[in-house]
Amino acid sequence: MTRVLVVHHDIDLADQEVDSLRRRGYEVTQCAGPIGAWAGCPVLAGLECPMAEEADVLVYDAWATGEPDGAQRLIEGLRDVHPDVPVVLVASGIEPDWIETAGQHGITPLVGAPSGERLAAAIESALKDRAAFD
């Protein structure tokens, strides 16, 4: 079973994503990200995240930090600290212009409404791309 970590600044939207992924057979853990972390986000401090370490794929909201520039730092930090764990970045509005889809900071973008079907397709694509990268 594929283990997914969902990180989202909006708990209601996160719950919807988690529920739809669980219905599709994924094992899902949820985190409120830097906004909801009572002790701060280890990734933003350059440290490993125990939750990310346990996941096969990470699904992050583009606004997980609550600020436009913070998301880029967070995603780049994730790629630096957890380079072997693929990242799906959900941007339900517009796609941030800093997104990289290849290389060290490469991620799989999901622009638009993150329906269960679209989330699952992005996750499978990210896993396939990461496997090809290795």
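Model, not experiment: these values are computed from the prediction.
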Heavy-atom pair of closest approach, residues [X] and [Y]:
| X | Y | answer |
| --- | --- | --- |
| Tyr26 | Met1 | C-SD, 4.0 Å |
| Ala64 | Pro34 | O-CD, 3.5 Å |
| Pro109 | Ile99 | CB-CD1, 4.2 Å |
| Ala55 | Val85 | O-CG1, 3.8 Å |
| Ala122 | Val88 | O-CG2, 3.6 Å |
| Ala126 | Val57 | CB-CG2, 4.3 Å |

Using a 4.5 Å cut-off on heavy atoms from C-beta on, say whether the side chain of [Y] contacts that of [X].
| X | Y | result |
| --- | --- | --- |
| Asp80 | His105 | yes |
| Leu5 | Cys31 | yes |
| Val59 | Leu110 | no |

Interatomic spacing from [atom1] in [X] to [atom2] in [Y] - rounded to 0.5 Å:
| X | Y | atom1 | atom2 | result |
| --- | --- | --- | --- | --- |
| Glu53 | Arg3 | CD | CZ | 9.5 Å |
| Met51 | His82 | CE | NE2 | 11.5 Å |
| Leu78 | Leu44 | CG | CG | 8.5 Å |
| Leu58 | Ile107 | CG | CD1 | 11.5 Å |

Which donor-acceptor pairs under 3.5 Å do side chains of residues 13-20 form with protein atoms, sequence neighbours excluded?
unit_1 : atom_1 : unit_2 : atom_2 : d
Asp15  : OD1    : Gln30  : NE2    : 3.0
Ser20  : OG     : Gln16  : O      : 3.3
Ser20  : OG     : Glu17  : O      : 3.0

Q) So among Val7, Ile75, Leu74, which one has a side chain to side chain contact (heavy atoms under 4.5 Å, CB included) with Thr65? A) Leu74

Q) Are Val111 and Leu119 connected in the hydrophobic side-chain network, where two residues link if heavy atoms are under 4.5 Å apart? A) no

Q. Looking only at atom types and distance, does a side-chain atom of Arg79 sit under 3.5 Å from a main-chain N or O of Gly106, one as donor and one as acceptor?
A. yes

(Q) Test your reading of the model: is there a side-chain donor-acceptor pair from His9 to the backbone of Asp61, 3.5 Å cut-off? (A) no

